[in-house]
Every structure is written in C-alpha cells, then in structure tokens.
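In what follows, chains carry the letters A, B, and so on, assigned in the order in which the sequence lines appear, proteins first and then strands, with residues in each chain numbered from 1.
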Amino acid sequence: MSDDPRKERRKDILHDFLEWIGLVGLIYGPVDRRLSIREALEKALKRPVPYISWWGCFGGIALFLFIVQMVTGILLMFFYVPTDPEAFHSIRYINSTAPFGWLIRSTHHWCGNGMLFALFIHVIRVFVTGAYRKPRDLNWVIGMALFFLVVSFTLTGYILPWSQTAYWTTIYWTDLVGGVPIAGPWIKLFIRGGEHVTGATLTRFYALHVAVLPLLTLVFMAMHFTIVRKLGISEPL
Amino acid sequence: MFKMFRGRRLLTTRERKPEYPFYPHHVIRNLMAVLGAIAILSALAGWYPAPLERIANPIELSPPESFSPPMWLLRPAWLLENILPVPGLSTIILAVALVLCLLIPVLDHSEGRRLKERLPVAIPFLLWLVYLFVSTWLIPGRFLLP
C-alpha cells in the first residue's frame, strides 16, 4: 500500500475509468451508483456461515438443475405441440430433425431425474442432521411442498411425449389419485379433464407443467431461501 | 449441574463451531458440486438419450404386457397395491406417509438433534426410506404383474 494520497487518488480514477469504459461498467455502473448492489452483494458474500460438508451441496445442485430445466424447457416449447396426436410427432421432430433437439430433450429428461434425486438427498440430509427443528420447522414444510411440486412436475411432464408408456403411466397414477377416499374421484375427474385420459388431459397437464407449477415453485423457492437467509444455515452436529 | 456430572454438555456451555465466510468457501464448494452434477448429467444425456416408444393408442383397453410404472415414486405405490389385499389401501397409506413426513417437526418432541436421540421419529422415517429404495430399485415392476 502506498502512503501517497495523490497516488492512491490517481489509481482510483484510473480504476473507475477502466471500469466505466468496460461493457459491464457502461451498463451496470450507473445502476450500481444508484442502488449500491455491489456493496450489498459483498456484504452478503462475506457473511460467516457454519461449515457445510459435501452433503450440504445438494440443495444448491437442485436449484441449479431447476434453472437448467427452465432453459431446456423453454427451448423444447419452441417445437412442441401439446395436442393429440401432434405431441408425439413434434417430439419425434425434436429428436430427429431440430438442431440439437435430441440433446436438449435428453438434458431435460436427465436433469428432471437429477433434480428429484438431489432433492431426495437434501431432504434426507436435513432429516439426519435434525435441521428441521424449531425455528426452521416452517422451512421444512415449505421444502416438502417444493418436493411435492417437483414430483408433480415429473408426473405432469411424463405424459407430454404421448407415447404408449406415458399414456398408461398417466392412467395408472390418476387412478391412484382416484383411490383417495371422498375427494379422490373428483380430483381424478378434474386432472384428467374427463372420465378418460385423452387429448384434453394432455393439454391440461401441459398448462400445469409450463405455467402453474413453475410459478408455484418460484414462489415457494423465494419463501424457502428467504427463511434460510433470515435464520441462517443450521449448525452441523 | 447434574447433567454436567453425568458427562452431558449443557446447551449454554456448548462451544460454538467455527464459521467460514460464504465466499469463497461455500461458493467454491457448491460450484464444484454443480460442475460434478453437470458432468454426470451431460454424460447420461449423451450416452443414454431420452427414449421415445410408439405412439399412445387410447383405443387399446389394456396396458402392454411388459408395462409397469417406470418412474420413481410410482413403484412404491405399485408394490403396495400388489401386496395389500384391499384395493385403494395403498393410496391411503401413501397419503398418510406424505402427511406424516410433512408433520415431522410437530411430531418430534425429542431434545437432542442426533439420530439416536430422536429414535421414535427416526426409525419410521428410515424404514420408509428403505422401503422406497427397495421398491424403486430392487424389485422390477414386471415381476408383480399377475
């Protein structure tokens, strides 16, 4: 560190100038001067937190995979047609003709499984470490709701290729829901959009898969992370 | 005092565990974990592309002979349905299990955080996990078909 204040000042001016002429500085600089985002970010990043083992990374992995799912899902939406029987043909088009379509679809498929797996490990880790206890009990409930939402993503997304296995799997699990006493038959009728699994079911599941469930997931994720931020990460055992 | 004589630690006397700044310690660790996940999932996506079978045929009245629910979390229900004599009981059991999972913080009245101090909650939860693992991975669905 130099003791000369003039030298320090000159260095600061040069630093500011270089930052300003840079692309990020040109766009982001004026925003940061008004909102002090960088200062807030630095404060957040330097915040001390307890030691986290590798097992503690599965929540972050699930979040990352959710982002991948959103990106690949939007790319798939460019080609997918959610009607019977065009759904199957559009998937075949994605698989064979669309540029990198097979890769995007496979990534969506495997990241969906990966997200469920990561969440499963995350839930087990939270249970084993007893991190669900007060005051984090509400966060456990929100986390479990997120887990059910991800399962719902899988269930509603499974029918979208409109293949034989997807069709019978949907019949199977909607029958399972129909087996719930009292409300079951009504729920089954509502989610199928009729007595049987048809094109109406496909369109309904598509709407749930791309609009309703992502919105709900984003709301619950915001709540989950806000509580983690407020209460901090639980101490290891 | 009595607890201290018995060799237990009082909550107030328990020393604080060391803390680390979120950046770089946790950020780098999470980043490495995410990169590992990307590597595994990219390899899977490249080597085992998502399957596409024949088109659905709603006119068919019964499932194909080799059909069993291929997804995670449906296999446990499938197995329960084949084991239990009363139809519909599997749905009720699954629904109750899900509600109990949701209510774990309410059901757990133990003092300690360690698993051995939470046995009334830990044993059913771990047994449930074992059932999920066995029914999902170890029992192929087609063996359950009549």
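- The shortest heavy-atom contact between B/Cys101 and A/Met144 is CB-CE, 3.6 Å.
- Rounding to the nearest 0.5 angstrom, the gap separating the CD1 atom in A/Ile61 from the CD1 atom in B/Ile40 is 8.0 Å.
- The contact between A/Tyr172 and chain B is made entirely by side chain atoms (from C-beta outward), counting heavy-atom distances below 4.5 Å.
- Heavy atoms of B/Ser42 lying under 4.5 Å from chain A are absent altogether.
- Interface with chain B: from residues 117-125 of chain A, residues A/Phe117, A/Phe120, A/Val123, A/Ile124 qualify, criterion being any non-hydrogen pair under 4.5 Å.
- Proximity to chain A (any heavy atom under 4.5 Å) is restricted, for B/Ala37, to the side chain, taken from C-beta onward.
- With a threshold of 4.5 angstrom between heavy atoms, B/Leu129 approaches chain A through side-chain atoms but not through N, CA, C or O.
- Atoms CG and OG1, on A/Leu176 and B/Thr91 in that order, are 4.0 Å from each other to the nearest 0.5 Å.
- Taking each heavy atom of A/Cys57 and B/Arg29 in turn, the nearest pair found is SG-CG, 3.6 Å.
- The two atoms that bring A/Ser106 and B/Ala50 nearest to each other are OG-N, 3.0 Å, heavy atoms only.
- In this structure, the separation between CD1 on B/Ile104 and OH on A/Tyr132 is 6.5 Å, given to the nearest 0.5 Å.
- Ring geometry for B/His25 against A/Tyr51 counts as tilted: the plane angle lies between 30° and 60°, on a 0 to 90° scale.
- For the pair B/Arg118 and A/Phe127, the cation-pi test (distance below 6.0 Å, angle within 45°) is passed.
- Residues of residues 179-193 of chain A lying under 4.5 angstrom from chain B, judged on non-hydrogen atoms, are A/Gly179, A/Val180, A/Pro181 by number.
- Under the salt bridge (Lys or Arg N to Asp or Glu O under 4.0 Å) criterion, A/Arg133 pairs with B/Asp108, sequence neighbours left out.
- Residues of residues 62-83 of chain A lying within less than 4.5 angstrom of chain B, judged on heavy atoms, are A/Phe64, A/Leu65 in numerical order.
- A distance of 10.0 Å separates OH of B/Tyr23 from NZ of A/Lys46, quoted to the nearest 0.5 Å.
- Residue B/Pro51 touches chain A through both its backbone and its side chain, counting heavy-atom pairs closer than 4.5 Å.
- A distance of 9.5 Å separates CZ of A/Phe88 from CZ of B/Arg54, quoted to the nearest 0.5 Å.
- Residues A/Val197 and B/Pro58 have side chains not in contact (no heavy-atom distance under 4.5 Å, counting atoms from C-beta outward).
- For B/Leu89, no part sits under 4.5 Å from any heavy atom of chain A, backbone or side chain.
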